[in-house]
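Since the structure comes first, as structure tokens, the remarks are kept for the end.
Computed from a predicted structure; not experimentally measured. Protein chains get the first letters and strands the later ones, always in sequence-line order, with residue 1 at the start of each.
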2 protein chains.
Amino acid sequence: MIRVVHYGLGPIGASIARVAAARQDVELVGGIEVDPAKVGRDLGEVIGLDHPLAVRVAADAAATLEATRPDVVIHATGSHLAQVAPQLREAIDAGAFVVSTCEELSYPFETSAEVAADLDRLARERQVALVGTGINPGFAMDTLPLALTAVSQRVELVHVHRRQDAALRRLPLQRKVGAGLTVAQFEERVRDGSVRHVGLPESVYALAHGLGWQIERLEDQIEPVLATEETHSADIVVAPGQVLGVRQVARGIVNGRAAIVLELEMYLGAENPRDHIAVEGVPRIDVSVNEGTHGDLATAAILVNAIPSVLRAEPGLRVMEELPLVHYRG
Amino acid sequence: MIRVVHYGLGPIGASIARVAAARQDVELVGGIEVDPAKVGRDLGEVIGLDHPLAVRVAADAAATLEATRPDVVIHATGSHLAQVAPQLREAIDAGAFVVSTCEELSYPFETSAEVAADLDRLARERQVALVGTGINPGFAMDTLPLALTAVSQRVELVHVHRRQDAALRRLPLQRKVGAGLTVAQFEERVRDGSVRHVGLPESVYALAHGLGWQIERLEDQIEPVLATEETHSADIVVAPGQVLGVRQVARGIVNGRAAIVLELEMYLGAENPRDHIAVEGVPRIDVSVNEGTHGDLATAAILVNAIPSVLRAEPGLRVMEELPLVHYRG
């Protein structure tokens, strides 16, 4: 049995814990969460199981890690590495392997080099590995395209286009992409950074590293997708001229040209949602993930599916391509 | 520089060697081939480069391995493990890591358990790793579907359907799928085993192993695809009623039902050639590799792309899912 502590029990953390609870080789031995509404309650109840787990959710991470001595910490508290790094250090210090949803951890060597070096050193000292993963970053726009290049004699351009219908996602995500805002409000959110998808640059850097390419410059553009007619989700009504969601394009410039183009559209009512991956080279590769990768279900899955691979990884701060293949095991 | 010896310089072996020759971190230090038309000639000339490599092709494997001491042997001499196992042992004995096109090596633990155990033991002794890979088996119907389950909370059924237009492939492959035969001739070829695609059971077992499933029974059916009108490739004309090619279906039975279904169609004039992967479960995954994976170009690529991953693998006989992600690196 693999002993797991869940660090962060918000909606994502709880959904990961539910997937972990369904696996026969995983035992949930602790839950860490600062929300006073969850502290002190049974972990099974907090994550929405129909049975208790005889484990109390606690706010004190160090005490929980000390008391439970987990093999693995599943960490799901935030997107920004600088903010969550102290939590990751606590987990590593306790001798646990770590799988984290932190987007900036998925490839931190360019954007957070110092924090990355510190975590890597600490993990090597403690002989554990940690990895940041998820669907995006972590899979749909980086690891999967890279996996497809297994059949490439030569690669010249990687173009990933991910188009999601935000109306099918939970309300916080609809809000996050700006659905229902005016253009002025959207631009305000762009300025304060709250509408931006975190992790697109990390995907560009992860892909470039895998392909052996040096990114000279990274462009990260963002613009609103506007409603031309009244558009509904189950939760929001968007009037014509208001914002349905977001289109964000990151380009990695290699030798003066955009060699990696990652295009992410998330808006209410997006037609033909899918992930499309085109690898220009020899041979040409053209792959469609029809309907796209379901963000919420898939994120919970990949965090749990990564556990056996991270346990077999070399100590240190790892990226997805360095792990034995991450996959489902029933 | 990674020092590579190419063991087997038929059409596939030569195409792999050409891809390897184009890589900056690979040095071709030897070529082994029994064909008297190739022995003694320059390796660059034999594989079709426009420049010599100052390496003579030799028939004596042991002497070549002893003289060159390669880091890696790329092995491409045959599909059947029992026949090529002595060659693999020679390479391992010389302390080389091995990447092989041998289809039965891709997952030999069910179909060739004794040979597999012997090679595994020898590789561990010599602290090297070997792997059998390619497109099919090795990628399109096993490793790629397994990689897609990274996002699965639960998997119930994996169905891979690969449909290729054999008219676009080299003549020996057109012949191998039975193009131009009468039905009686095709059935004769089925009986003597020469028309069967080698490796479909290996893909079923590799997938099942990854998914943690136990195969109770494996079905492997084969039937001709017949021409309804005169059909041409660049090399062959097939009359109505004659054979265009082959349809082969392997089913892995788990808990009494076909949980893995691998369907391979290769015939002249196949419309809408593509690989389609459906994973039934939570979430449902539906992926199309449009136009399919180009067998000849892709096989050469994946053998070379696997080199860095096999060099970082744990010693022993490995399968693809155990390696760090195999991908292109420029």
Side-chain angles (χ1 to χ4, degrees), chain A residues 15 18-19 22 24-25 133 135 138-140 143-156 210-213 274-275 279 281-291 293-294 296-302 304-306 309 312-314 320-330, chain B residues 15 18-19 22 24-25 133 135 138-140 143-156 210-213 274-275 279 281-291 293-294 296-302 304-306 309 312-314 320-330:
Chain A
S15 68
R18 285 194 299 275
V19 174
Q24 302 199 332
D25 58 347
T133 191
I135 296 312
F139 186 75
T143 306
L144 178 57
L146 197 58
L148 293 172
T149 71
V151 305
S152 298
Q153 296 196 1
R154 201 171 71 237
V155 174
E156 278 147 21
L211 296 168
W213 292 352
R274 81 285 184 282
D275 302 350
V279 180
V282 179
R284 185 171 194 278
I285 302 168
D286 184 300
V287 170
S288 298
V289 181
N290 305 311
E291 305 294 317
T293 308
H294 191 296
D296 296 335
L297 291 174
T299 297
I302 199 170
V304 175
N305 290 336
S309 296
R312 286 154 64 203
E314 285 177 45
M320 284 289 277
E321 63 155 307
E322 297 174 312
L323 306 185
L325 192 70
V326 173
H327 59 81
Y328 172 85
R329 193 183 313 259
Chain B
S15 69
R18 285 194 298 276
V19 174
Q24 301 200 333
D25 58 347
T133 190
I135 296 311
F139 186 75
T143 307
L144 179 56
L146 196 58
L148 292 172
T149 71
V151 305
S152 298
Q153 296 196 1
R154 201 172 69 237
V155 174
E156 278 147 21
L211 296 169
W213 293 352
R274 81 287 184 280
D275 302 350
V279 180
V282 179
R284 185 171 193 279
I285 302 168
D286 184 299
V287 170
S288 298
V289 181
N290 305 309
E291 305 294 319
T293 308
H294 191 296
D296 294 336
L297 291 174
T299 298
I302 199 169
V304 176
N305 291 336
S309 295
R312 287 155 63 204
E314 284 177 46
M320 284 289 278
E321 62 154 306
E322 297 175 313
L323 306 185
L325 192 70
V326 173
H327 59 81
Y328 172 84
R329 193 184 312 260

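Residue contact with chain B, scored on non-hydrogen atoms closer than 4.5 Å, involves the side chain of A:Ile135 exclusively. In this structure, chain B has heavy atoms under 4.5 Å from both the backbone and the side chain of A:Val155. The contact between A:Asn290 and chain B is made by backbone and side chain atoms together, counting heavy-atom distances below 4.5 Å. Interface remark: A:Thr143 contributes backbone and side-chain atoms alike to the contact with chain B (heavy atom separation under 4.5 Å). For a residue to count as touching a neighbouring chain, one of its non-hydrogen atoms must lie under 4.5 Å from one of that chain's; by this rule A:Thr293 touches chain B with the side chain only. Contacts of A:Ile285 with chain B are absent, with no heavy-atom separation under 4.5 Å from either backbone or side chain. Both the backbone and the side chain of A:Val289 come within contact range of chain B, judged by heavy atoms closer than 4.5 Å.
For the atom pair OG1 of A:Thr149 and CZ of B:Arg329, the computed distance is 9.5 Å after rounding to the nearest 0.5 Å. The structure places CD of A:Glu291 at 9.0 Å from CZ of B:Arg284, a figure rounded to the nearest 0.5 Å. The line from CZ of A:Arg154 to CG of B:Leu297 is 10.5 Å long, rounded to the nearest 0.5 Å. The distance from atom CG of B:Leu325 to atom CE of A:Met320, rounded to the nearest 0.5 Å, is 8.5 Å.
For B:Glu156, the CD atom sits in a packed shell: over 12 heavy atoms of surrounding residues, nucleotides or ligands are nearer than 6.0 Å.
Put simply, the side chain of A:Asn305 gets close to the backbone of B:Ser152: a donor and an acceptor are under 3.5 Å apart.
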side-chain contact (heavy atoms from CB on, under 4.5 Å) between A:Asp275 and B:Val287, intermediate numbers included: CA-CA 9 Å; A:Asp275 302 350; B:Val287 170; over 6 Å; no
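Across every non-hydrogen atom of A:Ala147 and B:Phe139, the tightest pair is O-CE1, 3.6 Å. When all heavy atoms of A:His327 and B:Gly210 are compared, the pair lying nearest together is CE1-O, 2.9 Å.
Interface remark: of the candidates A:Pro283, A:Gly281, A:Pro324, A:Ala306, A:Pro324 forms the most heavy-atom pairs closer than 4.5 Å to chain B.
Residues A:Arg18 and B:Gln153 fail the side-chain proximity criterion, which asks for heavy atoms closer than 4.5 Å.
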